[in-house]
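A quick write-up on the structure given underneath.
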Amino acid sequence: MTSLLIHSAAQLLTLAGSPQRGDELGRISMLNDGAVLIEDDRIAAVGPSDELLQRYPHAPRLSAKGKAVLPGLIDPHTHLIWAGDRAAEFEMRLQGKTYMEIMAAGGGIASTVHATRTAGSAALLAQTRARTEGLFRNGTTTAEAKTGYGLELNSELAQMELLLQLNREGPLEIVPTFLAAHAIAPEYQGQPDEYTDLICTHMLPALKAWWPQHAPEQLLPFVDVFCEEGAFNLAQTRRILSAAQKLGFPLKLHVDEFANLGGATLAAELDATTADHLIKTSGADIRALAASETVAVALPCTPFGLAQAEYTPAREILAAGGLLAIASDINPGTAWCESMQFVIALACRMLKLTPAQAVAAATINAAAAIHCQDRLGSLEPGKQADLILLSVPDYRHLAYRFGGNLVDTVIKKGKVYPR
Ligand code: NIG
Ligand code: FE
């Protein structure tokens, strides 16, 4: 057994306990001069430095003097796997075209689908791997990752296969999501019901059959739908999610990014794990979410990336008693951001979270958003040893500063990765 005693942390944020609902958000459980004992890939003990140094005198040591230590950041909504870029579309938006206009004219998601389908798996893997390294360097130890730039069974499964491969390679841990319902496939333009049928009757059953051969040790992936004008309407979304649920897939849902189609209430009704985006969300939707176990995932990089004024009504979600997490939404169209530190900084300014609330939303609550709260998201005995050491003594710098990288060292499954 390998052990490691991290000691003398200026601040040790354990985030101990369950995911934090409503007003409870922000319970970071901070210890000054704290220590963590790691045994293999697990946390074995957490406490004051003097106590742990005395109890484990022979454990190899790592001093975190002058550093804040907290659980590894978790990014519970990413579109990590794609090829190419959309810099030209960004410039078109600056000149006045909207995201939806570009999408309706055949650009947007469709242009990345074309680039991704034709990239070849080595190029796709290399480009995606570079992003996983960017996330990890910035302190993200686990990320959800969606397929969705294939929109055709074989290329969706090929993307899923690459995500599984990158997860095996590590060190970034990847929790996969199947998003064939990201847009209407180019072959089905003008026939959204037919593409919806194809997903329900062909793709989802095929994924279910494919899974045990390709990821025998892993739970089924999430199934997600982009419920939006120009993508899937509420009836189509309900059909896809119901079909997925019957096959045993856990659910996620993109809702209210540009228009309110009622997706947030549907997510709550179907007991989806998360409802994400939530910008045009109504009071009734917020109440439905807050009364459910569905985690509301705010993605502040998206309106920032689109230079839009409206953000997720996070304070209303919390006031209603909802469970809130934050994520990057990294994708080539709206938000190419590899840093959860930047997401925290934005969340404090645009969602009006406190630094402690943003950190909880990016750790224990983000773990709940990928159904991993029993294994990840806090520093407690028995949990996986995923933590970050900051180059600063006060965790609030994660929110206060922005645009840089305050991560000094990442520890993933007990293994130390100095920056
Ligand atoms: O979450 N909303 C759908 N998907 C992405 C955008 C994807 C793209 O433009 O390529 C999002 O914002
Ligand atoms: Fe998204």
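Numbering of ligands and ligand atoms starts at 1, following listing order.
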Pull out every atom of ligand 1 sitting under 4.0 Å from any heavy atom of [X], numbered as shown with elements.
{"X": "R86", "value": "8 (C), 9 (O), 10 (O)"}
{"X": "I109", "value": "7 (C), 8 (C), 9 (O), 10 (O)"}
{"X": "H277", "value": "1 (O), 2 (N), 11 (C), 12 (O)"}
{"X": "H254", "value": "1 (O), 2 (N), 3 (C)"}

Can you tell me if D276 has an N, O or S atom under 2.8 Å away from the Fe ion (ligand 2)? no
Taking both backbone and side chain into account, is any N, O or S atom of H77 nearer than 2.8 Å to the Fe ion (ligand 2)? yes
Nearest protein heavy atom with distance in Å, relative to [atom]:
{"atom": "atom 11 (C) of ligand 1", "answer": "D329 OD2, 3.1 Å"}
{"atom": "atom 4 (N) of ligand 1", "answer": "H182 NE2, 2.8 Å"}
{"atom": "atom 6 (C) of ligand 1", "answer": "Y99 OH, 3.3 Å"}
{"atom": "atom 2 (N) of ligand 1", "answer": "E257 OE1, 2.7 Å"}
{"atom": "atom 10 (O) of ligand 1", "answer": "Y149 OH, 2.6 Å"}

Which one holds for [X] and ligand 1: side chain close, backbone close, both close, or neither close, with close meaning a heavy atom under 4.0 Å?
{"X": "W82", "value": "neither"}
{"X": "M103", "value": "neither"}
{"X": "E228", "value": "neither"}

Can you spot which of [options] makes a side chain to side chain donor-acceptor pair (under 3.5 Å) with [X]?
{"X": "N260", "options": "T265, D285, T281", "answer": "D285"}
{"X": "K412", "options": "T141, T142, D41", "answer": "T142"}
{"X": "D224", "options": "K146, H77, K252, H79", "answer": "K146"}

With a 4.5 Å limit on heavy-atom distance, are the side chains of [X] and [Y] in contact?
{"X": "Y395", "Y": "M30", "result": "yes"}
{"X": "L73", "Y": "N138", "result": "no"}
{"X": "T274", "Y": "E144", "result": "no"}
{"X": "L266", "Y": "V255", "result": "no"}

If we check ring-ring contact (aromatic ring centres under 6.0 Å, His included) with H182, which of these qualifies: W82, Y149, Y195?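 Running ring-ring contact (aromatic ring centres under 6.0 Å, His included) over W82, Y149, Y195 with H182 returns exactly one hit, Y149.
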Using modelled atom types only, decide if a donor and an acceptor are shared between the side chain of R27 and the backbone of G17 within a distance under 3.5 Å. no
Below 4.0 Å from ligand 1: does a non-hydrogen atom of N331 turn up there or not?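 A heavy atom of N331 does come that close to ligand 1.
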Minimum-distance N/O/S atom that H254 presents toward the Fe ion (ligand 2): NE2
Among the N/O/S atoms of D329, select the one at the shortest distance from the Fe ion (ligand 2) and name it. OD1
Any N or O of T112 that comes nearer than 3.5 Å to an N or O of ligand 1?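 Checking ligand 1 against T112, no N or O pair falls under 3.5 Å apart.
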In plain terms, say whether R375 and E173 are close enough for a salt bridge, that is, a side-chain N and a carboxylate O under 4.0 Å apart.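 Answer for the salt bridge query: yes.
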Find out whether the Lys NZ or Arg CZ of R86 is both under 6.0 angstrom from the six-membered ring centre of W336 and within 45° of the ring's axis.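 Judged by the rule (NZ or CZ under 6.0 Å from the ring centre, within 45° of its axis), R86 is not positioned above W336.
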